[in-house]
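The block underneath contains the structure these notes are about, expressed in structure tokens.
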2 protein chains.
Amino acid sequence: MRIQRAGAAGSRVQKLVSRTGLQPVPRPGAFGPSAASRDEASQEKLAAALDQILVGDCIDSLRGLPEASVDLVFADPPYNLQLEGGLTRPDQSEVDAVDDDWDKFASFADYDRFTRDWLTAARRAMKPDATLFVIGSYHNIFRVGAILQDLGFWILNDIVWRKANPMPNFRGRRFTNAHETLIWASRSANAKGYTFNYDALKAGNEDCQPRSDWFFPICTGAERLKDDNGRKTHPTQKPEALLARAIMAASKPGDVVLDPFFGTGTTGAVAKRLGRHFIGCERDPDYIRAARARIAAVEPLPGAAVHTPVAKRQEKRVAFASLVEAGMIAAGSELHDEKKRWRVVVRADGAVALGDIVGSIHKIGALAQGLPACNGWTFWRCVEGGKSICIDDLRARYRATAPGED
Amino acid sequence: MRIQRAGAAGSRVQKLVSRTGLQPVPRPGAFGPSAASRDEASQEKLAAALDQILVGDCIDSLRGLPEASVDLVFADPPYNLQLEGGLTRPDQSEVDAVDDDWDKFASFADYDRFTRDWLTAARRAMKPDATLFVIGSYHNIFRVGAILQDLGFWILNDIVWRKANPMPNFRGRRFTNAHETLIWASRSANAKGYTFNYDALKAGNEDCQPRSDWFFPICTGAERLKDDNGRKTHPTQKPEALLARAIMAASKPGDVVLDPFFGTGTTGAVAKRLGRHFIGCERDPDYIRAARARIAAVEPLPGAAVHTPVAKRQEKRVAFASLVEAGMIAAGSELHDEKKRWRVVVRADGAVALGDIVGSIHKIGALAQGLPACNGWTFWRCVEGGKSICIDDLRARYRATAPGED
DNA sequence: GTAGCGGATGAATCTCCCT
DNA sequence: CAGGGAGATTCATCCGCTA
């Protein structure tokens with residue numbers, strides 16, 4: 001089975017390499033060897049890299065790959081986080097920040113240059129109909145996206161990975177940074193033959209079209225690689241479920257998936273499991289060692305089982321603010337308890353005000369009764385059509401009318 | 001009520017305009033009128049624009065506003081380059097040497113220049129601690145984000161508006177484009193005093209801190225403005241709920257909210273409803289007409305539904321010594337932590353003594369636990385009427401009984 | 001065995017005022 | 001304007017220990 005797949009990939013490569021002559025990609029040496037011997041050399045180079053980790057600087061490694069040889073790129077480049085000073089949790093423990101040298105850049109200009117270089121090298125290695133995923137955060141993704149466009153990539157989607165369990169914002173000065181962004185792009189605007197397994201994705205999504213917002217937990221537990229001291233091997237290991245959705249969506253079994261920032265090899269492990277080939281670039285020996293052991297332990301799934309995994313359905317949690325925002329309860333209107341001993345004003349932000357005191361429906365309910373806790377949903381009522389109804393009924397109505405929310 | 005709020009805003013503006021002289025914002029005319037007459041003129045200019053739609057090109061209008069005069073910007077800029085008649089011709093000197101389609105790159109350069117211009121003009125009009133929201137899709141948001149960073153804005157969050165009911169992808173060649181992206185940014189990295197109504201947002205969200213992924217339906221039904229023929233007045237009208245969350249999160253009642261691309265005035269309508277002032281820029285007479293009628297019909301919410309509750313960190317500071325002086329805690333008595341692992345003696349000067357070591361409730365609490373810091377108010381407890389109570393409760397009692405002290 | 005509790009932790013651009 | 005001190009601030013999940 002394994003050998004069969006390798007053979008299938010080989011013939012596909014051959015076909016595409018012979019197409020390469022038609023590509024308007026500038027070649028470094030204009031008077032090099034003949035096209036035939038170039039193709040032969042390319043196949044050998046590709047075969048040598050297949051299912052391997054190329055050790056060293058990723059831009060050098062990418063330039064060493066044959067042109068137009070990979071079907072999909074998944075890249076998780078440094079984010080250029082620009083962290084200064086430490087951060088402690090409210091319990092005074094320290095957050096283990098990403099302070100690795102590989103994430104440090106002197107300026108935006110430096111980061112832009114680096115981004116242009118690796119994207120250019122990756123684009124050269126992509127087949128005409130290959131696509132590319134890049135993942136990032138607000139620190140870097142806007143620069144990556146703009147440079148992608150400048151280089152001629154064509155953005156197909158931006159995709160949001162919503163995290164089930166992000167790290168909270170400990171100082172309460174921003175919104176919790178609860179997502180990361182992926183950009184999915186084809187090599188050029190006129191590349192129309194890219195792979196997108198629409199029907200399989202739709203079938204795996206309760207027959208709903210796959211959306212641009214994905215919901216996964218972060219990588220923890222047994223999946224998270226640890227070193228001998230029990231510390232995480234890599235600071236930014238991505239969940240396999242995320243890679244699996246990207247690879248299942250945009251590649252076929254036997255395809256070659258390239259990861260220029262291989263790290264501990266999540267892309268390689270998932271590619272192997274899903275019956276794809278991988279090529280990884282990595283320079284850190286510790287990461288490489290961990291990745292090799294990890295991938296060696298992966299058993300490819302049987303072909304029939306290579307289906308799109310579906311995110312677990314979460315119990316839908318409704319914020320009171322959602323009901324206000326949806327207009328089901330008017331901002332400025334009043335809530336009361338069953339015996340109408342207390343009245344509170346509904347605020348536009350979804351909090352409620354008891355006199356001057358502002359808080360959640362639960363906190364204010366508890367405060368009013370002098371109790372340590374209170375379920376505001378069942379305690380408070382509002383007036384609708386002249387009748388007093390419990391706001392929990394409105395919550396049920398909201399749940400029924402707002403499908404799709406996790 | 002309306003007039004009262006306007007008055008409050010006026011005094012706030014006056015205070016900030018007088019601060020403007022300290023701002024390192026470059027001024028176009030170096031030998032203009034005196035600072036005093038400039039301030040006076042600025043106030044007049046601002047008052048004239050308040051709750052108005054400035055008709056014409058938004059960059060001209062923004063440049064006409066006084067410097068450092070607005071508290072919040074919400075911008076929904078265009079991204080369809082072909083429809084943007086106001087764009088200037090491409091500047092060849094800015095074009096990077098890439099092997100790219102000239103026309104496409106020229107369009108990006110045009111769009112970048114337009115973006116730089118309006119962002120620069122908006123930034124000039126922002127108070128030092130003002131923040132800005134920009135909303136966009138993958139067509140433009142990466143360029144906007146990169147330029148924001150280049151201009152010195154400091155990104156606080158990227159926020160995802162997940163649509164409950166996005167337009168499906170009919171051809172099945174991409175993921176359904178089910179979200180748009182907002183960038184929330186402060187005027188500069190060192191602007192730490194921006195408004196973020198964390199407590200109220202948390203209270204409205206089941207007492208969980210607000211996240212960077214928001215979920216709203218798109219603007220449909222009665223909220224969607226239609227012209228006499230039943231066609232939608234504006235192609236990209238945003239839902240009021242989206243604006244409400246942004247405005248509630250990042251501004252206070254009486255603040256000035258600026259929208260450089262006012263369209264049919266969603267920002268103005270929501271700002272008015274939430275007791276904020278607005279300034280809009282728009283050049284299309286049809287949009288302006290629709291926006292004016294729409295805003296005129298808006299009834300502001302009562303103050304209790306929108307006022308900003310005092311955050312904990314903004315509450316009046318109380319010295320522990322004050323509690324001792326007031327006799328709420330006896331000098332010579334003991335404090336203990338919850339598990340009674342440590343005991344300290346209260347001194348008459350408001351310090352506490354752990355054995356021989358004397359220091360503040362915070363310093364001694366940190367020292368006892370071997371931690372770098374400690375909030376002594378929540379850590380230490382005292383005995384009152386035979387029961388152990390937290391000294392933070394005493395502080396609350398002190399605050400309630402000594403309201404006039406400054 | 002298991003339910004419950006305490007501790008640890010995750011790509012984070014995370015305070016504010018006074019001297 | 002830099003430094004120092006007061007004091008405000010967290011959610012979901014996993015793991016290991018105890019009852």
Side-chain angles (χ1 to χ4, degrees), chain A residues 76-100 102-105 108 135-141 161 163-181 217-224 226 230-232 234-239 261 263 314 317, chain B residues 129 149 153-158 184-186 188-194 196 198-199 202 205-212 311-320 339 350 359-363 365-366 372-380 391-392 395:
Chain A
D76 183 10
Y79 286 9
N80 188 23
L81 285 187
Q82 307 171 72
L83 303 177
E84 283 174 18
L87 178 65
T88 53
R89 299 187 180 82
D91 66 3
Q92 304 297 330
S93 63
E94 266 197 35
V95 172
D96 185 12
V98 178
D99 53 1
D100 306 70
W102 51 251
D103 197 46
K104 290 194 178 15
F105 294 84
F108 280 135
I135 183 167
S137 66
Y138 66 84
H139 309 84
N140 71 323
I141 200 66
W161 166 30
K163 302 181 183 183
N165 46 350
M167 177 152 60
N169 183 287
F170 297 118
R171 296 287 176 273
R173 294 294 292 145
R174 304 178 176 201
F175 294 93
T176 300
N177 200 359
H179 74 277
E180 294 187 23
T181 301
I218 60 175
C219 181
T220 59
E223 189 186 320
R224 187 85 197 219
K226 303 274 170 60
R231 285 175 305 212
K232 54 191 178 194
H234 194 284
T236 70
Q237 187 182 336
K238 295 293 176 290
F261 307 97
Q314 298 288 116
R317 190 164 175 175
Chain B
D129 279 332
Q149 293 178 311
F153 283 94
W154 192 246
I155 297 180
L156 299 168
N157 281 113
D158 61 335
W184 184 42
S186 62
S188 67
N190 60 343
K192 301 289 189 186
Y194 58 87
F196 182 55
Y198 175 75
D199 299 286
K202 186 178 175 181
N205 188 41
E206 294 286 281
D207 287 321
C208 279
Q209 58 178 206
R211 294 172 42 124
S212 58
K312 262 224 183 100
R313 57 166 61 90
Q314 287 166 347
E315 274 185 299
K316 187 176 44 174
R317 288 208 177 191
V318 173
F320 183 64
K339 297 185 179 168
S360 70
I361 50 173
H362 313 292
K363 279 282 185 291
C374 166
N375 182 343
W377 289 111
T378 51
F379 180 70
W380 295 111
I391 61 171
D392 204 29
R395 179 172 62 161

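Any value given below was found using the heavy atoms of this structure, including those in side chains, with hydrogens, waters and symmetry copies removed. Here is the naming used below: chain letters follow the sequence lines, and residue numbers restart at 1 for every chain.
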### Query
Of all the choices, dA12(D), dT10(D), dT9(D), which nucleotide is nearest to the side chain of Cys208(B) once you look at every atom?
dA12(D)
### Message
Please enumerate all residues that pass ring pair (Phe, Tyr, Trp, His ring centres under 6.0 Å) together with Trp184(B), with sequence neighbours excluded.
### Response
Phe175(A), Phe133(B), Tyr194(B), Phe196(B)
### Message
Any donor-acceptor pair, under 3.5 Å, between the side chain of Lys163(A) and the base of dA11(C), if you only look at N and O atoms?
### Response
no
### Message
Looking only at the side chain of Val95(A) (C-beta and beyond, no hydrogens), which of the listed nucleotides dG10(C), dA12(C), dT9(D) gets closest?
### Response
dA12(C)
### Query
Taking the side chain of Lys238(A) as its heavy atoms from C-beta onward, which of dA12(D), dA6(D), dA11(C) lies nearest to it?
dA11(C)
### Task
Tell me which nucleotide among dA8(D), dA12(D), dA12(C) gets nearest to the side chain of Ala373(B).
dA8(D)
### Task
Ignoring backbone atoms, test whether Thr220(A) places a side-chain nitrogen or oxygen under 4.0 Å from the OP1 or OP2 oxygen of dG10(C).
no
## Note on the structure
Per atom distances to the Arg395(B) side chain, the nearest of dG7(D), dT10(D), dA12(C) is dG7(D)
### Partner residues of Asp99(A) under the salt bridge (Lys or Arg N to Asp or Glu O under 4.0 Å) criterion, sequence neighbours left out
none
### Query
Of the candidate nucleotides dA12(D), dA12(C), dA11(C), which contains the atom at the shortest distance from the side chain of Asn177(A)?
dA12(C)
### Arg231(A) side-chain N/O to dG10(C) phosphate OP1/OP2 under 4.0 Å
no
### Side-chain touch Asp100(A)/Pro235(A), heavy atoms, less than 4.5 angstrom
yes
### Query
Touch check for Thr176(A), heavy atoms < 4.0 angstrom, all strands: base, sugar-phosphate only, or nothing?
nothing
#### Entry: side-chain contact (heavy atoms from CB on, under 4.5 Å) partners for Asp96(A), two or more places apart
Lys232(A)
## Note on the structure
When Asn157(B) and Pro166(A) are each assigned the nearest nucleotide of DNA chain C, the 5'-most assignment goes to Pro166(A)
Got a list of protein N/O to nucleotides 2-4 of chain D N/O distances below 3.5 Å?
none

### Task
Taking only the side-chain heavy atoms of Glu180(A) (C-beta and beyond), determine which of dA11(C), dA8(D), dT10(D) contains the nearest atom.
dA11(C)
### Summary
Residue set satisfying salt bridge (Lys or Arg N to Asp or Glu O under 4.0 Å) with Glu223(A), at least two apart, ordered chain then number -> none
#### Entry: Qualifying residues under salt bridge (Lys or Arg N to Asp or Glu O under 4.0 Å), relative to Asp158(B), sequence neighbours excluded
none
### Query
What pairs with His139(A) under ring pair (Phe, Tyr, Trp, His ring centres under 6.0 Å), at least two apart in sequence or on another chain?
none
### Message
The criterion is side-chain contact (heavy atoms from CB on, under 4.5 Å); which residues satisfy it with Ser360(B), sequence neighbours excluded?
### Response
His362(B), Lys363(B)
#### Entry: nucleotides 14-19 of chain C: protein proximity per nucleotide (B base, S sugar-phosphate only, - neither; heavy atom, under 4.0 Å)
BSS---
## Note on the structure
The ring pair (Phe, Tyr, Trp, His ring centres under 6.0 Å) partners of Tyr79(A) (sequence neighbours excluded) come to none
#### Entry: Strand DNA chain C as a dot-bracket string - pairs counted if Watson-Crick or G-U with both distances under 3.5 Å, | where the partner lies in another strand
.|||||||||....|||||
### Query
Taking the six-membered ring of Trp102(A) as reference, does the NZ or CZ atom of Lys104(A) fall below 6.0 Å from its centre and within a 45° cone about the axis?
no
### Task
Would you please name every residue forming a side-chain contact (heavy atoms from CB on, under 4.5 Å) with Asn190(B), sequence neighbours left out?
Ser188(B)
#### Entry: Spacing of Asp103(A) atom CG relative to dG10(C) atom C1', expressed in whole Å
15 Å
